[in-house]
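Below is one structure; the comments refer to it alone.
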Number of protein chains: 2
Amino acid sequence: MNTDSIFVFKINLNVMRKKEGNKEEDILKAATEVFAQSGFYDAKISKIAEMANVSIGSIYVYYKNKNDILNKIFEKIWGSLYNNLDSLFKRSDLSMVEKYDAMIDMIFDSFTENSATAIVIANEQQRLLLRNKDSFTEYYDKFVGLGEEIVREGIKKKVFNPNIDVNIFRHFLLGAFRDLITSWAIVPEEFPLNLVRRNIKFLSKYGLLNHNQE
Amino acid sequence: MNTDSIFVFKINLNVMRKKEGNKEEDILKAATEVFAQSGFYDAKISKIAEMANVSIGSIYVYYKNKNDILNKIFEKIWGSLYNNLDSLFKRSDLSMVEKYDAMIDMIFDSFTENSATAIVIANEQQRLLLRNKDSFTEYYDKFVGLGEEIVREGIKKKVFNPNIDVNIFRHFLLGAFRDLITSWAIVPEEFPLNLVRRNIKFLSKYGLLNHNQE
DNA sequence: ACGAATATTGAATCGGTGTTCAAAATTAGT
DNA sequence: ACTAATTTTGAACACCGATTCAATATTCGT
């Protein structure tokens, strides 16, 4: 046969059937809901398939196994958060405090727009980090690294308190965040978003004490 | 037979064989370690039995099932924390800020003395609260209630900032706590206890901003 | 030392679910 | 319409570990 490799490649392209719809995404969405609802271990693959309008078998076409789905959920959310924070980080028109507030807003918006994802993070991430320290999405580390950088710059510019340990601060903030977002996701009426957002910003910057006292 | 009930009772008491050792406690301790190590779902009953030097069957004499063991772990730690906080709460010789600091110390000491328990709480409590809202140990609610009371009193005395939502604050603090204690439990060398304790107190009271700036 | 009550044991059971894979369905080019 | 490649399907498989329970061991009063 006189076909050169370029020609063959063209044929392959044409013959390649496009998967219509977006099963891969549908599955991820459905899985996020089911994981949030039942927790990873009690979540049934059959339930995910049902919610995604997909057969059980299809799930294993797009994902290696149940764990792989969970990993992809983290990959997606932290990847997106990292990219957003990166853009924010590069802006030179903002003061450090403005950058800090914008960062809080960013995380806040992302989690409230994806409340099921927020719940999954709150429930499963700690355990995953504890065990799969290495295989956990690198976006998370990158994201955290950027956040720390912002605080460090603020300290250098004497806007933030130099006695604060940056690493401890980020755990402090993220831990608080996780708890509050979950509380909101569970009983939204008890945790009005605006109030939560305002309190996170205020508490992390000014703390509990009444400075106007006397 | 002419035995009155008191006599029968006496007989029962005498005949009742005392379980020597403290298998019940041994099992709870072993389970805490295994849950911390592997997470609740990956923890094997056989492993717990092995660590407790007890047969598999014995576990089911003292506990109804795997879940029951987990519940008892929470019952124990929150019960103890509640009792301690209650004593603290009643002291009239302390200022509000002193009470607040003492509360932090109390939680801190309790978790650092029981690091496996701290990890279990960090990994499993959120999920349990989410699903078994009602059946979760009442000591937790009581404990949290007392904590809120302390903050509320502080606000009344104008020591704490009145603009802070008490409910939100407690989630803020406990969430931050959980994250930091876990981080310490995982890599103690990166989170020296004194530093973490000082930062939690400082951040929750004064926040990130540099007030001495100028 | 004996017997009755209690405690301990761990092999076998049993239910449940993640995963596989051979068969069926769909697509697109000719 | 026919073919070949690709995608979808879901019943069946395989495994695993929580739980059970009949048998054994231990304790203690007499």
Side-chain angles (χ1 to χ4, degrees), chain A residues 1 3 7-32 34-35 37-73 124 128, chain B residues 1 3 6-35 37-73 124 128:
Chain A
M1 288 190 266
T3 57
F7 187 58
V8 169
F9 181 62
K10 189 174 179 307
I11 282 184
N12 279 347
L13 254 189
N14 285 342
V15 163
M16 193 100 77
R17 206 186 123 207
K18 266 210 208 87
K19 306 178 184 181
E20 85 294 345
N22 12 311
K23 288 202 169 33
E24 186 166 358
E25 205 183 311
D26 291 349
I27 293 168
L28 207 69
K29 263 187 196 153
T32 307
V34 178
F35 289 164
Q37 180 68 39
S38 316
F40 178 75
Y41 283 96
D42 289 336
K44 314 276 184 281
I45 293 284
S46 56
K47 178 80 182 174
I48 295 174
E50 185 191 328
M51 275 205 62
N53 281 318
V54 146
S55 75
I56 289 176
S58 280
I59 291 184
Y60 288 86
V61 170
Y62 295 92
Y63 299 93
K64 217 170 64 206
N65 52 37
K66 198 179 169 188
N67 259 293
D68 188 36
I69 306 179
L70 186 60
N71 289 335
K72 293 282 164 54
I73 291 174
E124 319 293 345
L128 280 201
Chain B
M1 286 191 266
T3 58
I6 289 174
F7 187 57
V8 168
F9 180 62
K10 188 173 179 307
I11 283 184
N12 278 346
L13 254 188
N14 286 343
V15 163
M16 193 102 74
R17 202 185 127 209
K18 266 210 208 88
K19 306 178 184 180
E20 84 297 345
N22 11 309
K23 288 204 170 30
E24 186 166 358
E25 206 184 309
D26 291 349
I27 293 169
L28 207 68
K29 262 187 196 154
T32 307
E33 296 293 338
V34 178
F35 290 164
Q37 181 68 39
S38 317
F40 179 75
Y41 282 96
D42 288 338
K44 314 276 184 283
I45 292 285
S46 55
K47 178 81 182 171
I48 296 174
E50 184 192 328
M51 275 205 62
N53 282 316
V54 146
S55 76
I56 290 177
S58 281
I59 291 184
Y60 289 87
V61 171
Y62 295 93
Y63 299 94
K64 220 170 61 206
N65 51 37
K66 198 178 168 188
N67 259 291
D68 188 36
I69 306 178
L70 186 59
N71 288 334
K72 294 281 164 55
I73 290 174
E124 318 294 345
L128 280 201

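As the structure is a computational prediction, the values presented were derived from the model and not from experiment.
One finds the CD1 atom of I27(A) at 5.0 Å from the CD1 atom of I59(A) (value rounded to the nearest 0.5 Å). One finds the CG atom of L128(A) at 5.0 Å from the CG atom of L70(A) (value rounded to the nearest 0.5 Å). Rounding to the nearest 0.5 angstrom, the gap separating the NZ atom in K72(A) from the NZ atom in K64(A) is 8.0 Å. The CD1 atom of I45(A) sits 8.0 Å away from the CD1 atom of I56(A) when rounded to the nearest 0.5 Å.
dG10(D) atom P lies 17 Å from atom CD1 of I48(A), rounded to whole Å. Going from atom CG of N67(A) over to atom P of dT17(C) covers 17 Å, rounded to whole Å. Across the protein-nucleic acid pair, D26(B) atom CG and dA7(C) atom P stand 16 Å apart, rounded to whole Å. The separation between E24(A) atom CD and dT7(D) atom P is 12 Å, rounded to whole Å. Rounded to whole angstrom, the span from the NZ atom of K47(B) across to the P atom of dG17(D) amounts to 13 Å. Residue D42(A) contributes atom CG, which lies 9 Å from atom P of dT17(C) at whole-angstrom precision. In this structure, CD1 of I45(B) is placed 16 Å from P of dG10(C), rounded to the nearest angstrom. What separates OH of Y63(A) from C1' of dT8(D) is a distance of 16 Å, to the nearest Å.
Between D68(A) and Y63(A), the shortest heavy-atom distance links the atoms OD2-CA, 3.5 Å.
Between K23(A) and dT7(D), a side-chain N or O to OP1/OP2 separation shorter than 4.0 Å is absent. Checking the phosphate oxygens (OP1, OP2) of dT9(C), a side-chain nitrogen or oxygen of S58(B) falls inside 4.0 Å. Phosphate contact (OP1/OP2 of dA18(D), side-chain N/O of Y41(B), threshold under 4.0 Å): absent. Considering only side-chain N and O atoms, Y60(B) lies nowhere under 4.0 angstrom from the phosphate OP1 or OP2 of dT20(D).
In terms of position along DNA chain C, the nucleotide closest to F40(A) lies nearer the 5' end than the nucleotide closest to the other residue of the pair F40(A) and G57(A). Position along DNA chain C of the nearest nucleotide to S46(A) versus V54(B) favours V54(B) as the more 5'-ward residue.
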Requested in this report: Kindly determine whether E33(B) and K29(B) satisfy salt bridge (charged side-chain N to carboxylate O under 4.0 Å, His left out), including the steps that lead there.
Outcome: CA-CA 6 Å; E33(B) 296 293 338; K29(B) 262 187 196 154; over 6 Å; no
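Between Y62(B) and K23(B) there is a side-chain heavy-atom pair separated by less than 4.5 Å.
Nearest nucleotide to the side chain of I56(A), out of dT9(C), dT20(C), dT19(D): dT20(C).
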Protein-nucleotides 13-16 of chain C N/O pairs closer than 3.5 Å?
none

